[in-house]
Amino acid sequence: MIYLDHNATTRVLPEVLEAMMPFFTTEWGNPSSSYKFGSKLKKVIETAREQVADLIGAHPLEIIFTSCATESNNAAIQAALKANPGKRRIITSAVEHSAVLNHCMALEKEGYRVTRLPVDRDGLLKLADLEAAITDDVAVVSLMWANNETGVLFPVKEIAEICRARGVLYHCDAVQAAGRVPIDIRQVSADYLSLTGHKFHAPKGVGALYVRRKAPYSPYIHGGHQERNLRGGTESVPLIVGMGKAAQIALKHLPDYGMRTRPQRDKLEAAVLSSVPNTELNGHKTQRLANTTNITFHGIDSEAFLILLGKEGICASSGSACLADSDEPSHVIKAMKPEGAQSRSMIRFSLGLETTGSDIANVCDEVRSLTEMLRAAIT
Ligand code: PLP
């Protein structure tokens, strides 16, 4: 198998699994218990909290563990709305993940108003549009760090500065950025920032929400006293430990992440664009994650192409994994290039640290021969 779908999920690293194992086998107590067998696990959770905080330059007390980034995104937006009951507008972008967009859509049904900022053909946002959209009724701005489909990076530092200057809370979905680009929350003054473990080699089912120390927050999941009364529910100690360990490893690899993934990604992209006719890159050439390339193959149905790639053992996708079973064309590519049918003919290849040169050479060969075959079948 050649796995080029790291934006969908990543494999659990052996070191991460090893760190988690005792908490599945021998150390299975409840951290809230009064006896030591359980209560000693509190310390284990705090170590993981420090490791996750370190990945983004935060204070550990600013990290709340959640079940996934979908929960983190929902919780942050809800907290901001609750803190501003008189303000009924949310600003987001047309290219956010469904974990933000569908939550906003549900809020619209409750009477909130949502402004979805457009992007240009490269997937970039105009800061002037954000400035103009911030009116007195805006409670929160939710704009992502890196796009999951194209890898395009938003200017989060500038976005945060605008929100701060205008007195509006800013939530950032940093799911695809964590472990791939440096995140220093002291430099980017977001109020809330969402993370999920499974995009950086932790297991699925554990996420985190950063909440700036002075930002308003009220629980989204009501229950017990866990997470300093901020998120009810018995902590999943093994998953939290896994996320902590994976965050520690991701931080270690961060300095060479770009150096290792970009050359392979560029090789793949250049080979496909130059040798397969009627192809087009989606997303800005440079303002992009080093591991992601999103390419339209004009005239080819992406679902048929993915099936054939899959038969050759190549895993890629046609957009967000969360929407893969829907018939809808990519809302991200549609927002960038509304006139065309690109949104049904695109493939996202997202590489990881373990992707090799020979993987890329094989994928290039398969892409060339499969596209020839598919196009010959149409004509
Ligand atoms: N936000 C972005 C940008 C994502 O790519 C994803 C996952 O694909 C999510 C949020 C949702 O993450 P989770 O699967 O942890 O809910």
Side-chain angles (χ1 to χ4, degrees), residues 3-12 16 52 55-56 63-78 92-106 116-117 119 123 125 141-154 156 159 170-181 183 190 192-210 220-221 231 233 236 239-240 242-243 246-247 250 283 288-289 291-292 294 315-326 328 330-333 335 348-352:
Y3 186 79
L4 298 187
D5 206 12
H6 289 81
N7 290 11
T9 198
T10 58
R11 89 186 161 104
V12 173
V16 170
V52 171
L55 183 60
I56 60 166
I63 301 294
I64 302 169
F65 284 113
T66 62
S67 64
C68 59
T70 300
E71 181 190 327
S72 302
N73 285 349
N74 282 236
I77 292 170
Q78 288 287 344
T92 185
S93 81
V95 297
E96 298 297 308
H97 189 269
S98 51
V100 167
L101 286 180
N102 286 348
H103 188 55
C104 286
M105 215 142 76
R116 296 168 183 83
L117 299 178
V119 293
L125 197 72
V141 169
S142 181
L143 291 170
M144 68 205 318
W145 197 303
N147 189 276
N148 45 303
E149 293 195 25
T150 59
V152 169
L153 298 162
F154 276 173
V156 280
I159 291 169
Y170 172 39
H171 163 250
C172 180
D173 175 344
V175 160
Q176 296 289 347
R180 296 175 183 167
V181 290
I183 297 181
Y192 312 98
L193 185 132
S194 301
L195 302 171
T196 193
H198 74 100
K199 308 286 182 181
F200 56 87
H201 300 284
K204 294 151 197 62
V206 60
L209 177 64
Y210 159 86
Y220 182 61
I221 307 264
R231 200 265 184 191
S236 175
L239 300 190
I240 287 172
M243 186 167 179
R288 193 166 37 128
L289 290 174
N291 77 321
T292 309
N294 185 312
C315 305
S317 72
S318 60
S320 170
C322 300
L323 300 175
D325 56 357
S326 86
E328 285 293 296
S330 156
H331 68 282
V332 175
I333 308 302
R348 174 188 72 185
F349 300 98
S350 48
L351 287 61

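None of these values were measured; they are calculated from a predicted model. When a ligand or atom number is given, it counts from 1 through the structure's own listing order.
Taking all heavy atoms of His198, Lys204, Glu96 into account, the minimum distance to atom 14 (O) of ligand 1 is reached by His198.
Residue contacts with ligand 1, taken as heavy atom pairs separated by less than 4.0 Å, involve Thr196 solely via side-chain atoms from C-beta onward.
Applying the side chain to side chain donor-acceptor pair (under 3.5 Å) rule to His201 yields no partners; only residues at least two apart in sequence or on another chain are considered. Residues passing the side chain to side chain donor-acceptor pair (under 3.5 Å) test with Ser350, sequence neighbours excluded: none.
Heavy atoms of Glu71 come nearer than 4.0 angstrom to ligand 1 in no pair at all. The closest approach between a heavy atom of Lys199 and any atom of ligand 1 is below 4.0 Å.
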Worksheet entry | Stepwise side chain to side chain contact (heavy atoms under 4.5 Å, CB included) check, His97 with Gln176 | CA-CA 10 Å; His97 189 269; Gln176 296 289 347; over 6 Å; no
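Looking only at atom types and distance, the side chain of Ser142 has no donor-acceptor partner in the side chain of Glu96 under 3.5 Å away. Asp173 and Asn148 share no side-chain donor-acceptor pair at under 3.5 Å.
With ligand atoms numbered from 1 in the order given, ligand 1 contributes 1 (N), 2 (C), 4 (C), 5 (O), 6 (C), 10 (C) to contacts under 4.0 Å with heavy atoms of Val175. Listed by number with element, the atoms of ligand 1 under 4.0 angstrom from any heavy atom of Cys68 are 13 (P), 15 (O), 16 (O). If you number the atoms of ligand 1 from 1 as listed, the ones under 4.0 Å from a heavy atom of Met144 come out as 3 (C). Less than 4.0 angstrom separates some heavy atom of Asn148 from each of these atoms of ligand 1: 3 (C), 5 (O).
Residues Ser194 and His171 meet the side-chain proximity criterion, which asks for heavy atoms closer than 4.5 Å. Between Val119 and Val332, every side-chain heavy-atom pair lies at or beyond the 4.5 Å cut-off.
Residue Asn7 has no N or O atom closer than 3.5 Å to an N or O atom of ligand 1.
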